[in-house]
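Heads up: numbering here begins at 1 and tracks the sequence. Bear in mind that the values here come from a model prediction, so they are computed numbers and not experimental data.
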Amino acid sequence: MKTWDIFYQNIVQSGLVKSKDKVVLAVSGGQDSICMLHMFWRLAKKMQIELLTVNFNHNLRKESAKEAQIVKNLSNKLGIDCILENINVKEYSKKESISIETAGRNLRYLSLENIAKKYKYNKISTAHNANDNAETVLMWLLRGSGNFAGIPQERNIGKKLSIIRPLLPIKRKLIEDYISMHKLPFCTDKSNFSDVYTRNKIRLSIIPLCEKINTMAVEHIFNLSHIHAIENAYLEEITLKCLKKCVKFSKRQILLDLTMFLQYNEAVQYRILKNILPQKKYNSYINLIMYKILSSDLSIYKISDDWSFCVKSNNKAYFIKGKENDREAI
């Protein structure tokens, strides 16, 4: 199938966009987001929708001003309003003690949400594609998160706003073909070719190797993600019901009733721990906590600088926040 056909079929079948929706388009100026902008313009000819383009200057690269102008010019040409936003990623990264990559992502989503609410738009669309999804799944696998659901096609932010990703089933190669066929202007972010970031290492080395083994590797990972997301939603519903019966939250501790907890299926037990684990939600931490519960190991396990875990002899376990002497008082 061609790029437009996959996009339109996905929109219709999944109901990501409906008549009278107002959609904010996050457009960086790269091929993916330019493709998304152009296809939404075509979609607006078929459906009664309102569009708004938003571009972010992260103040990290000299090329950002040029990218913003390309997005602005194309939006104007297509008759779509465009907002150019400046965000100080370095300052935010330093303030929150997080990576530049994480800081940029957090600020973008926060700004998009604020813009959508300010102008009363009900959807935010990003240009994540099938390759992005495959990279995410492999990155989470290598980090030990154990989540194969990948990037969600839709995520609700409250009752009246959601983030959608209509390009998610589309491979990057098809997007490049679409850009070429329609002769659309775009910019190339040179940082995408740096192997400093984990995602880029996966993009530049691991994905091409996977596709040498099987040319359908990216599609197979997407199909795995789709199935896992459905199973994940079902298990999560069951887990939350069980969690309410065996977990109590307070300001400085999370109490786990082991008598109730150990009655549940092992899969539900692991999911409960992943839901309530305050920090570092990796499989290795969950496995160790499960071992301490099953072996009745009463020693204190330090999860992070802020949180520890311990099992007490009264069939209770605790995640505790605070100093060592506070824990001893439990």
Side-chain angles (χ1 to χ4, degrees), residues 3-4 6-8 10-11 16-17 21-45 47 49-87 89 101 104-119 121-133 151 153-155 157 161-170 172 174-192:
T3 313
W4 164 256
I6 300 172
F7 173 82
Y8 185 67
N10 188 39
I11 289 286
L16 286 178
V17 180
D21 273 347
K22 299 178 69 176
V23 188
V24 175
L25 307 176
V27 183
S28 66
Q31 292 190 77
D32 301 343
S33 60
I34 290 293
C35 175
M36 179 183 71
L37 170 59
H38 192 265
M39 289 199 292
F40 261 103
W41 169 71
R42 292 176 65 179
L43 184 66
K45 294 181 178 182
M47 300 175 67
I49 58 174
E50 190 174 333
L51 303 173
L52 172 67
T53 301
V54 178
N55 172 269
F56 294 100
N57 184 339
H58 296 73
N59 290 293
L60 296 173
R61 297 178 295 109
K62 294 178 181 179
E63 299 89 348
S64 294
K66 180 183 176 182
E67 293 167 357
Q69 197 57 51
I70 285 176
V71 173
K72 181 80 171 176
N73 292 344
L74 182 58
S75 298
N76 290 343
K77 182 179 178 181
L78 300 177
I80 301 170
D81 289 338
C82 179
I83 294 175
L84 304 180
E85 284 279 297
N86 278 284
I87 51 177
V89 175
E101 193 177 21
R105 181 172 61 250
N106 291 352
L107 281 177
R108 285 195 303 273
Y109 279 114
L110 180 61
S111 298
L112 286 166
E113 185 177 344
N114 290 336
I115 289 169
K117 288 178 178 178
K118 180 179 179 180
Y119 296 103
Y121 279 68
N122 66 315
K123 299 278 175 72
I124 296 168
S125 183
T126 66
H128 293 91
N129 59 49
N131 287 69
D132 293 322
N133 180 72
I151 303 171
Q153 279 229 103
E154 184 168 14
R155 177 168 65 87
I157 307 175
L161 181 62
S162 65
I163 295 172
I164 60 172
R165 300 178 175 94
L167 272 64
L168 209 55
I170 305 173
R172 187 169 288 129
L174 289 176
I175 290 171
E176 292 169 356
D177 292 343
Y178 184 93
I179 291 287
S180 177
M181 182 175 69
H182 291 276
K183 296 181 173 59
L184 297 172
F186 68 91
C187 289
T188 300
D189 184 349
K190 293 179 182 177
S191 66
N192 288 335

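Counting all heavy atoms, side chain and backbone alike, Ile164 lies closest to Lys123 at CG2-CD, 3.9 Å. In plain terms, the two heavy atoms of Gln31 and Ile175 that are nearest each other are O-CG2, 3.7 Å. The heavy-atom pair separating Met36 from Leu25 by the smallest distance is CE-CB, 4.1 Å. Closest of all the heavy-atom pairs between Leu161 and Ala116 is CD1-CB, 3.8 Å. Closest approach of Tyr109 to His128, counting heavy atoms only: OH-CE1, 3.5 Å. Across Val27 and Asn55, no two heavy atoms sit closer than the pair O-ND2, 2.9 Å.
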For Glu113 and Lys117, what are the C-alpha separation, side-chain angles and deciding distance, and is it a salt bridge (charged side-chain N to carboxylate O under 4.0 Å, His left out)? CA-CA 6 Å; Glu113 185 177 344; Lys117 288 178 178 178; 2.8 Å; yes
Show your reasoning for whether side chain to side chain contact (heavy atoms under 4.5 Å, CB included) applies to Cys187 and Glu63. CA-CA 9 Å; Cys187 289; Glu63 299 89 348; over 6 Å; no
Report the C-alpha separation of Tyr121 and Glu50 in whole Å, then their side-chain angles, then the decisive distance to 0.1 Å, and conclude whether the side chain to side chain donor-acceptor pair (under 3.5 Å) test is met. CA-CA 9 Å; Tyr121 279 68; Glu50 190 174 333; 3.2 Å; yes
Determine whether Leu110 and Ile87 satisfy the following criterion, side chain to side chain contact (heavy atoms under 4.5 Å, CB included), listing intermediate values before the conclusion. CA-CA 11 Å; Leu110 180 61; Ile87 51 177; over 6 Å; no
For a side chain to side chain contact (heavy atoms under 4.5 Å, CB included) check, start with the C-alpha distance between Leu107 and His58, then their side-chain angles and the critical distance, and finish with the verdict. CA-CA 9 Å; Leu107 281 177; His58 296 73; over 6 Å; no
Verdict with reasoning, Leu84 to Asn57, per side chain to side chain contact (heavy atoms under 4.5 Å, CB included): CA-CA 8 Å; Leu84 304 180; Asn57 184 339; over 6 Å; no
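Residues Asp32 and Arg172 form a side-chain contact, since some pair of their non-hydrogen atoms from C-beta on lies under 4.5 Å apart. The shortest side-chain heavy-atom distance between Phe56 and Leu112 falls under the 4.5 Å cut-off. Residues Ile170 and Met39 have side chains in contact (heavy-atom distance under 4.5 Å, counting atoms from C-beta outward).
Crowding of Asp81 atom CG: a count of heavy atoms from other residues, nucleotides or ligands under 6.0 Å not exceeding 12. Around atom NZ of Lys66, no more than 12 heavy atoms belonging to other residues, nucleotides or ligands sit under 6.0 Å away.
Atom CZ in Phe7 sits 14.0 Å away from atom CG in Leu174 (nearest 0.5 Å). Annotation: the span from Leu51 atom CG to Ser125 atom OG amounts to 9.5 Å, rounded to 0.5 Å. Note: Ile49 CD1 to Lys22 NZ = 12.5 Å, rounded to the nearest 0.5 Å. For the atom pair CG of Leu37 and CG of Leu74, the computed distance is 5.0 Å after rounding to the nearest 0.5 Å. Separating the SG atom in Cys35 from the CE atom in Met181 is a distance of 9.0 Å, to the nearest 0.5 Å. The line from SG of Cys82 to NZ of Lys72 is 5.0 Å long, rounded to the nearest 0.5 Å.
Using a 30° and 60° split on the angle between ring planes, Trp4 and Tyr8 fall in the parallel class, below 30°. Ring geometry, His38 versus His182: the interplanar angle falls from 30° to 60°, so the pair is classed tilted.
Under the side-chain contact (heavy atoms from CB on, under 4.5 Å) test applied with Leu168, the options Ile151, Leu16, Thr126 reduce to a single match, Ile151.
Between the Ser180 side chain and the Glu176 main chain, no donor and acceptor come within less than 3.5 Å of each other. Between the side chain of Ser33 and the backbone N or O of Ser28, at least one donor-acceptor pair lies under 3.5 Å. Using a distance-only test at 3.5 Å, with no hydrogens or angles considered, a donor-acceptor pair links the side chain of Asn10 to the main chain of Pro166. Counting only distance, with no hydrogens or angles, the side chain of Asn129 and the backbone of Asn131 share a donor-acceptor pair below 3.5 Å.
A salt bridge is defined here as a Lys NZ or Arg NE, NH1 or NH2 lying under 4.0 Å from an Asp or Glu carboxylate O, and Glu101 with Arg105 fails to meet this definition.
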